[in-house]
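Report on one structure; see the data block that follows.
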Amino acid sequence: MMRRKLVVGNWKMHGSRAANATLLQGLLQSRPFGCDVAVCPPFPYLADVASTLAATDLRWGAQDCSVHTQGAYTGEVAPAMLAELGCRYVIVGHSERRTLHGESDQLVADKAKAALACGVTPIVCVGETRAQREAGQTEAVVKRQLSCAIHTLAHCASEMVVAYEPMWAIGTGLTASPEQAQAVHALLRQQLRAATPRADGMKILYGGSVKPDNAAALFAQADIDGSLVGGAALKAVDFVAICRAAG
Ligand code: PEP
């Protein structure tokens with residue numbers, strides 16, 4: 001099945017109003033892309049990004065959200081607030097959140113569910129550490145992570161986007177080879193097929209040191225439907241080149 005590709009820039013905790021404006025102008029000038037493109041800035045910039053990208057074909061999203069609807073949760077951001085700002089996506093369970101903030105599979109799945117309830121598409125990240133890969137546990141780890149999201153989302157599972165991000169490849173310059181990535185994507189697709197008849201229409205993104213020079217080979221794989229891009233999403237020329245490779 002031909003799935004339209006999706007490239008999402010995860011800006012992490014980078015940017016400034018001036019730098020963001022330059023980056024977005026660079027992206028806007030390079031349209032149209034033959035794929036869906038989104039950027040995920042830090043929370044304080046979402047309103048700016050929303051007004052710059054409103055009425056364009058570029059989309060935006062957040063890097064995390066709360067499981068709660070509202071209330072006494074200092075520092076958290078409710079999915080309804082993201083929806084109000086026009087966020088199409090929210091990344092949940094990024095490995096930096098899992099590792100640095102101790103987020104569990106169940107918390108990540110609950111965030112995904114809370115996002116969907118507000119009409120925001122969760123991008124659910126899964127991925128193994130280097131030690132887990134070396135111990136032959138990759139399949140078990142990613143299946144456990146995805147399974148929690150599948151069961152929690154239940155009949156809405158087909159609404160999520162999945163991102164496979166091997167932790168040893170994030171920000172390290174080490175990319176999974178196209179074959180290594182495809183092997184895991186195929187497993188994830190199989191797992192989705194067992195859960196929903198819509199699995200073939202779902203997007204499974206690859207993330208981990210995607211750059212202009214390795215993007216095309218990754219995107220040529222049967223089950224790689226685009227990318228979640230970190231470092232290379234901060235430079236317009238690089239991000240544009242990756243989007244073009246997907247288009
Ligand atoms: C990420 O953090 O989602 C990511 C893929 O980062 P990088 O592209 O920098 O490896």
Side-chain angles (χ1 to χ4, degrees), residues 5-15 19-20 23 27 35-43 45-46 49 59-65 87-103 108 111-112 115 121-130 132-133 138 141-142 145-146 149 160-178 180-182 184-185 188 203-219 221 223-246:
K5 289 196 168 41
L6 168 64
V7 178
V8 179
N10 171 16
W11 293 2
K12 310 195 185 192
M13 200 173 72
H14 294 289
N20 302 347
L23 177 51
L27 303 188
C35 63
D36 294 332
V37 175
V39 295
C40 296
F43 290 127
Y45 300 127
L46 273 171
V49 168
R59 302 167 176 185
W60 57 95
Q63 299 172 15
D64 185 30
C65 69
C87 287
R88 173 91 175 220
Y89 302 104
V90 60
I91 299 168
V92 294
H94 189 280
S95 64
E96 287 151 18
R97 305 265 350 146
R98 290 179 187 263
T99 312
L100 303 174
H101 300 271
E103 295 195 4
V108 171
K111 287 182 173 191
T121 299
I123 300 175
V124 178
C125 302
V126 301
E128 80 287 4
T129 63
R130 181 199 283 265
Q132 288 165 334
R133 174 162 282 263
T138 299
V141 169
V142 299
Q145 293 171 330
L146 183 59
M160 73 178 140
V161 170
V162 177
Y164 169 54
E165 299 208 304
M167 285 168 63
W168 48 271
I170 295 181
T172 57
L174 293 174
T175 317
S177 69
Q180 275 176 324
Q182 167 58 26
V184 176
H185 281 232
L188 297 173
K203 293 189 207 304
I204 308 177
L205 312 182
Y206 169 78
S209 297
V210 174
K211 308 281 178 226
D213 63 0
N214 60 25
L218 288 160
F219 295 154
Q221 300 297 313
D223 289 292
I224 299 185
D225 307 313
S227 179
L228 184 52
V229 183
L234 297 171
K235 270 179 66 187
V237 280
D238 287 354
F239 193 63
V240 164
I242 293 168
C243 295
R244 294 221 164 108

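A quick note: this is a predicted structure, and the numbers were derived from the prediction, not measured. Counting convention: from 1, in listed order, for ligands and their atoms alike.
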Response to the item:
For H94, the atoms of ligand 1 under 4.0 Å from one of its heavy atoms are 1 (C), 2 (O), 3 (O)
Worksheet item: Pick from V162, L146, L6: which one makes a side chain to side chain contact (heavy atoms under 4.5 Å, CB included) with I204?
Response: V162
Worksheet item: Under 3.5 Å, side chain of H94 to main-chain N/O of E96, donor-acceptor pair present?
Response: yes
Worksheet item: Would you say ligand 1 has an N or O under 3.5 Å from any N or O of K211?
Response: no
Worksheet item: Can you list the atoms of ligand 1 that are under 4.0 Å from a heavy atom of G208?
Response: 5 (C), 10 (O)
Worksheet item: For ligand 1, which atoms have a heavy atom of K12 less than 4.0 angstrom away?
Response: 1 (C), 2 (O), 6 (O)
Worksheet item: Roughly how far, to the nearest 0.5 Å, is the CH2 atom of W60 from the SG atom of C87?
Response: 8.0 Å
Worksheet entry | Which of the ligand 1 atoms, numbered from 1, are nearer than 4.0 Å to a heavy atom of E165 | 1 (C), 3 (O), 4 (C), 5 (C)
Worksheet item: If every non-hydrogen atom of C243 is compared with every non-hydrogen atom of V7, which pair is closest and at what distance?
Response: SG-CG1, 3.9 Å
Worksheet, complete the sentence: Per-atom filter on ligand 1: closer than 4.0 angstrom to a heavy atom of A169 are 10 (O)
Practice prompt. Before signing off on this row, confirm whether S209 and ligand 1 have an N or O atom pair separated by under 3.5 Å.
Written response: yes
Worksheet item: G231 to ligand 1: N or O pair under 3.5 Å?
Response: yes
Practice prompt. Output yes when the distance from some N or O of ligand 1 to some N or O of G230 is under 3.5 Å, and no in every other case.
Written response: yes
Item to complete: Determine the interplanar angle of the H185 and Y164 rings, folded into 0 to 90°, and report it as parallel if under 30°, tilted if 30 to 60°, perpendicular if over 60°.
Response: perpendicular
Worksheet item: Under 3.5 Å between some N or O of ligand 1 and some N or O of G171?
Response: yes
Worksheet entry | Shortest non-hydrogen separation from A176 to L218 and the atoms involved | O-CD2, 3.9 Å
Worksheet item: Is Q63 reaching over with its side chain to a backbone N or O of K12, donor-acceptor style, under 3.5 angstrom?
Response: yes
Discussion item. Using a 4.0 Å heavy-atom cut-off, which part of I170 comes near ligand 1: side chain, backbone, both, or neither?
Written reply: both
Worksheet item: Hey, is the main chain of I91 close enough, under 3.5 Å, to the side chain of Y89 for a donor-acceptor pair?
Response: no
